[in-house]
> 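A single structure is presented below for examination.
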There are 2 protein chains.
Amino acid sequence: MASRSRRPERRQEPLSRERIVGVAVELLDTVGERGLTFRALAERLATGPGAIYWHITGKAELLAAATDAVVAAAVSAGPAGPTGSGGSAGPTGAGPSPQDAIRAVALNLFDATEAHPWLATQLATQLSRTPWGTVAPRIFESLGRQVRAMDVPEAHWFTASSALMHYILGAAGQNAVNAEGTDTPGSEVDRDEFLDTVSTAWEGLDPDDYPFTRAVADQVRGHDDREQFLDGIALVLAGITALHSPGR
Amino acid sequence: MASRSRRPERRQEPLSRERIVGVAVELLDTVGERGLTFRALAERLATGPGAIYWHITGKAELLAAATDAVVAAAVSAGPAGPTGSGGSAGPTGAGPSPQDAIRAVALNLFDATEAHPWLATQLATQLSRTPWGTVAPRIFESLGRQVRAMDVPEAHWFTASSALMHYILGAAGQNAVNAEGTDTPGSEVDRDEFLDTVSTAWEGLDPDDYPFTRAVADQVRGHDDREQFLDGIALVLAGITALHSPGR
DNA sequence: ACCTGAACACCGTTCAAGT
DNA sequence: ACCTGAACACCGTTCAAGT
């Protein structure tokens, strides 16, 4: 006779940092950065705004924790997506090459910024405001291990890993479609419309000031973001090999 | 008998978009993003908050305009700084090579993010929120022209230029010390303290989870940011040459 | 056309008071 | 120890009213 829901009273779980951060990510995904307020958060958690401050020091920490949670999930996820699976395995077939592993991490981060439109901006904020935080090491470590596996000499580990990380962050930042207010954040239609908007804008630039940009404007239309992103990764990897490979 | 100041009544110049944006940049530089409010802006302009809305649609446009102004100044500035001048000129000595020009643009942007701690975050915001704006073309154009001058085939112009831009934006973003609240934004002491903080934090990471990051933590201490940044540029340029140079 | 400044609807954060 | 919710000090933006 009493209610018999599978999971007992989802409502009344005690407040916790994890639960708060989880709802914060949900809010960021659905209503954007402006929609993440302590009042909205409190309402979804069926509590008052003040209660949140017992677990989190303030909004800065909340955003940092949300960013960290999403990045942690991205770098520890397995290889994903159709474009990423075409890489060559090692000669003996004993698992992915370091280059493949780098591509997998990079694509996971790239996809995360598309799934969470707020992520790119928050990554920039977190890395520039608190670079000693947990976000940078997570990314740096997962890339650096593979750089080491590529037999890059130790003196160049830092430069090579940094270059990879910077390219990934820069590219992810620019490709993130910030669809604040759009109801279908990552749909195909939005995507094409978006690329078309950029392409058209570039074609309309002053011919005297922007000859190059105008010349490539048409290449923007309908290009595959992930493929373009991987081309850039290949370029950086080629640079690492050219400058730092021991066999040269 | 009347007042005879050199420049007549600096106070009473009419309000204009340029004047508003100029003061906005000043406020961003001195009191940070949080300190840029319409009330503070109005006070410095000796007017009321509402007056600003006659020239600017809102805070979003204000931040976009401030970012655009700083980027425009950076990409159109001449080669600057001691580290950038050591490059090789063309064989006939007839001006800088495309690679030198790329280094100059990159360094100017890098230096701009250090002079304006808010720039890195704003670049990410502007590029992800309104990529059809003026900021991306400015950077893209100044890099792309040089890529073309490097004799990269047209099919690879977009990839090569994008890779350069993304690396620069990512690196500039991470190296920007966001000294909000610090009185001396870019001082040497701050710089060393800052690097020391990062290095120490990385050394304190879990040895099982972060072996690579710990291994390179010491390299962070006391390293030269601009040199490190240029090493990354060299790496990307090497990748462009390796993959896209016609003579291979 | 351009400016004024009060007013509105919010927001992050605090804190006495509860359990 | 943990939560409540009213209150405080803001903030972006609007708009009737002025010149």
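Letters go in sequence order (proteins before strands), and every chain restarts at 1.
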> Please confirm whether A/Tyr167 and B/Tyr167 have ring centers closer than 6.0 angstrom.
no
> If you restrict it to nitrogen or oxygen atoms, what contacts under 3.5 Å exist between nucleotides 17-19 of chain D and the protein, and what is each distance?
none

> Quick one: A/Phe38 CZ to C/dG12 P, roughly how many Å, whole number?
6 Å
> Would you give the length of the straight line joining atom OG of B/Ser128 to atom CG of A/Leu123, rounded to the nearest 0.5 angstrom?
11.0 Å
> Output the distance between atom CD1 (A/Ile139) and atom OG1 (B/Thr213), rounded to the nearest 0.5 Å.
11.0 Å
> Want to settle it: does A/Thr37 or B/Gly48 sit nearer the 5' end of DNA chain C, counting the closest nucleotide to each?
B/Gly48
> Could you tell me the separation between the CZ atom of B/Arg34 and the C1' atom of C/dC11, rounded to a whole number of Å?
12 Å
> Once you apply a heavy-atom cut-off of 4.0 Å, does A/Ile52 come out as touching a base, just sugar-phosphate, or nothing?
nothing
> Could you state the CD-P distance from A/Glu33 to C/dG12, rounded to the nearest angstrom?
11 Å
> Rounded to the nearest 0.5 Å, how far does NE2 of B/His166 lie from CG of B/Leu127?
8.0 Å
> What about the rings of B/His223 and A/Phe158, do their centers lie closer together than 6.0 Å?
yes
> Which residues pass the side chain to side chain contact (heavy atoms under 4.5 Å, CB included) test with A/Arg214, not counting sequence neighbours?
A/Leu205, A/Pro207
> In whole angstrom, what separates A/Tyr53's OH from D/dG5's P?
16 Å
> Report the residues that fulfil side chain to side chain contact (heavy atoms under 4.5 Å, CB included) with B/Ala124, sequence neighbours left out, ordered by chain and then residue number.
A/Ala124
> Both atom distances under 3.5 Å, Watson-Crick or G-U wobble: I'd like the secondary structure of DNA chain C as a dot-bracket string, with | for pairs made across strands.
||.|||||...|||||.||
> How many whole angstroms separate atom CD of A/Glu43 from atom P of D/dG5?
13 Å
> Can you tell which of C/dC3, D/dT13, C/dT13 lies closest to the side chain of B/Pro49?
D/dT13
> Does the pair A/Tyr210 and B/Phe140 meet the rule for a ring-ring contact (aromatic ring centres under 6.0 Å, His included), with working shown?
CA-CA 9 Å; A/Tyr210 297 95; B/Phe140 195 76; over 10 Å; no
> Does the side chain to side chain donor-acceptor pair (under 3.5 Å) test come out yes or no for B/Gln228 and A/Ser162, once each step is laid out?
CA-CA 9 Å; B/Gln228 184 69 44; A/Ser162 295; 4.6 Å; no
> So does A/Trp54 get a side-chain nitrogen or oxygen closer than 4.0 Å to the phosphate oxygens (OP1/OP2) of D/dC3?
no
> Looking at A/Arg145 and A/Glu141, is any side-chain nitrogen of the basic one under 4.0 Å from a carboxylate oxygen of the acidic one?
yes
> Working note: B/Trp132 + A/Thr200, criterion side chain to side chain contact (heavy atoms under 4.5 Å, CB included); need CA distance, chi angles, decisive distance, verdict.
CA-CA 9 Å; B/Trp132 53 87; A/Thr200 305; over 6 Å; no
> Would you jot down, in residue-number order, the residues of residues 55-68 of chain B having a non-hydrogen atom under 4.0 Å from DNA chain C?
B/His55
> Round to a whole Å and report the spacing from CD1 of A/Ile20 to P of D/dC2.
12 Å
> Atom CG of B/Leu36 and atom C1' of D/dC11: how far apart are they, to the nearest Å?
12 Å
> Taking distance alone, no hydrogens or angles, what donor-acceptor pairs closer than 3.5 Å link side-chain atoms of residues 50-68 of chain A to residues at least two apart or in another chain?
from    : atom 1 : to       : atom 2 : distance (Å)
A/Thr57 : OG1    : A/Glu61  : OE1    : 2.6
A/Lys59 : NZ     : A/Leu36  : O      : 2.7
A/Glu61 : OE1    : A/Thr57  : N      : 3.1
A/Glu61 : OE2    : A/Arg17  : NH1    : 2.3
A/Thr67 : OG1    : A/Leu63  : O      : 2.8
A/Asp68 : OD1    : A/Thr134 : OG1    : 2.6
A/Asp68 : OD1    : A/Arg138 : NE     : 2.9
A/Asp68 : OD2    : A/Arg138 : NH2    : 2.9

> By nearest atom, which of the nucleotides D/dC3, D/dC11, D/dA7 is closest to the B/Arg39 side chain?
D/dC11
> In whole angstrom, give the distance that lies between atom CG of B/Leu27 and atom P of D/dG12.
11 Å
